[in-house]
2 protein chains.
Amino acid sequence: MTRELPTSLLMFIASRAAGDRIFRAVHEAGFDDVTIAQSRLMMGIDTEGTRLSVLAERAQIAKQTATALVDKLERAGYVQRVPDPSDGRARLVRMTPRAEAALPTARAEEDRIEAEWRAHLGAERMNQLREALTALREITDPYLLGSQ
Amino acid sequence: MTRELPTSLLMFIASRAAGDRIFRAVHEAGFDDVTIAQSRLMMGIDTEGTRLSVLAERAQIAKQTATALVDKLERAGYVQRVPDPSDGRARLVRMTPRAEAALPTARAEEDRIEAEWRAHLGAERMNQLREALTALREITDPYLLGSQ
DNA sequence: CTACATTAGTTCGATCATGGGACCAGTCTA
DNA sequence: TAGACTGGTCCCATGATCGAACTAATGTAG
């Protein structure tokens, strides 16, 4: 008699599979010098640029870790640090054209996964799934929770 | 205009929140010398004991990584290696009483999360969610996929 | 306007996680 | 029995992670 798998573990399985695929697709497109931790950090960068401390908060890591990741991303030419005009202490982390060039690949793979899942579940169940997951963010997303 | 969050990311958010909570609960119960990677590995151990290579496969890590994790878990008294009677090369990784003592805490927190989610979504949507996630395993779970 | 507290970011140093490559000792097979 | 295969380990290099302490800029109370 096996214990039922927790819902969170079911989510982990699927999200990990998706993450791996996106990561592999980006690698195969030639951007093979980014790691998962680095790309997760990059996902938090807005188009105008984002402060390091905000990136750390979004990725749920310490500032020192974010510093180290940005260092490597900068050396690899994916991001650059520019002064923040509104605060002399701060700097904004911005994507370079190289990082922007990688985005379409990632998005395309995301879309492909999304389509496969929809095909497997059917439109109805897929919509219910997304709807339930979105509702769950209200009590699980630290970013949403922090800003309310 | 923001792009809709991918379904896999929605799953990541919730599963990460749950994982963090379970991890913290176990820590606060006194088992504060286990790391996340180590506990993920432990989750793959069956009651009779499990081979290291199987654990590595389940956790999707290399054998060397599993060796290192088991080393630490063994030193901390959570697991032990016993010879595998059916194969002289192999050894079985088994949980010690200490690890078993931590299980109820983890399960209790899991159940609590599960209950909170059910309360937030309602029974109907929660069931649909679990059902959809379970169906998705058919195309995303490397363990299921490998054994078919 | 000055002194003190706060904040953004960095550096140092320690520990854990991870996997490539090489290796040994059992096991299986032709 | 020889050679292929498999389970596991060791060595080693790299990445990720964070506590603690620090610098520089900003904000604030008096």
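Quick note on labels: first sequence line is chain A, next is B, and so on, each numbered from 1.
- To the nearest angstrom, C1' of D/dG7 lies 7 Å from CZ of B/R51.
- Heavy-atom distances to DNA chain D give each of A/A37 and A/D87 a nearest nucleotide, and the one nearer the 5′ end belongs to A/A37.
- Considering only the side chain of A/K72, D/dA16 comes nearest among D/dA16, C/dC16, C/dA8.
- Distances shorter than 4.0 Å separate some side-chain N or O of B/R91 from OP1 or OP2 on D/dT9.
- At the phosphate of D/dA16, neither OP1 nor OP2 sits under 4.0 Å from any side-chain N or O atom of A/R40.
- The NZ-C1' distance, from B/K63 to D/dC12, rounds to 17 Å in whole Å.
- The pair B/R107-B/D111 fails the salt-bridge criterion, with no side-chain N (NZ, NE, NH1 or NH2) lying under 4.0 Å from an Asp/Glu carboxylate O.
- Defined by atom type and a distance below 3.5 Å, a donor-acceptor pair is missing between the side-chain atoms of B/S8 and A/E110.
- Side-chain N/O atoms of B/T35 include none lying less than 4.0 angstrom from OP1 or OP2 on C/dC16.
- Rounded to whole angstrom, the span from the CG atom of A/D84 across to the P atom of C/dT7 amounts to 16 Å.
- Atom NE2 of A/H27 is separated from atom P of C/dG19 by 13 Å (rounded to the nearest Å).
- B/L52 places its CG atom 13 Å from the P atom of C/dG19, with the value rounded to the nearest Å.
- The side chain of A/R81 lies closest to C/dT10 when the candidates are C/dT10, C/dA17, D/dG7.
- The distance between atom CD of A/E57 and atom P of C/dA8, rounded to the nearest whole Å, is 10 Å.
- With respect to the salt-bridge test (charged N to carboxylate O, under 4.0 angstrom), the residues B/R51 and B/E57 do not qualify.
- Between the side chain of B/R89 and the base of D/dT6, at least one donor-acceptor pair of N or O atoms lies under 3.5 Å.
- Comparing D/dC18, D/dG7, C/dA17 by their closest approach to the side chain of A/I61 singles out D/dC18.
- Taking atom CD on B/E74 and atom C1' on D/dG8, their separation rounds to 13 Å, with Å as the unit.
- Side-chain N/O atoms of B/T65 include one lying less than 4.0 angstrom from OP1 or OP2 on C/dG19.
- Across all their heavy atoms, B/I113 and B/A18 have their closest contact at CD1-O, 3.7 Å.
- No N or O donor and acceptor, one from the side chain of B/Q64 and one from the base of D/dG8, sit under 3.5 Å apart.
- By the 4.5 Å heavy-atom criterion applied to side chains, B/V26 and B/E109 are not counted as neighbours.
- For A/I36 and C/dA17, the CD1 to C1' distance is 12 Å, given to the nearest whole Å.
- Side-chain atoms of A/T67 lie closest to C/dT11 of the nucleotides C/dT11, D/dT17, C/dA8.
- Map A/G88 and A/Q38 each onto its nearest nucleotide of DNA chain D; the residue landing nearer the 5' end is A/Q38.
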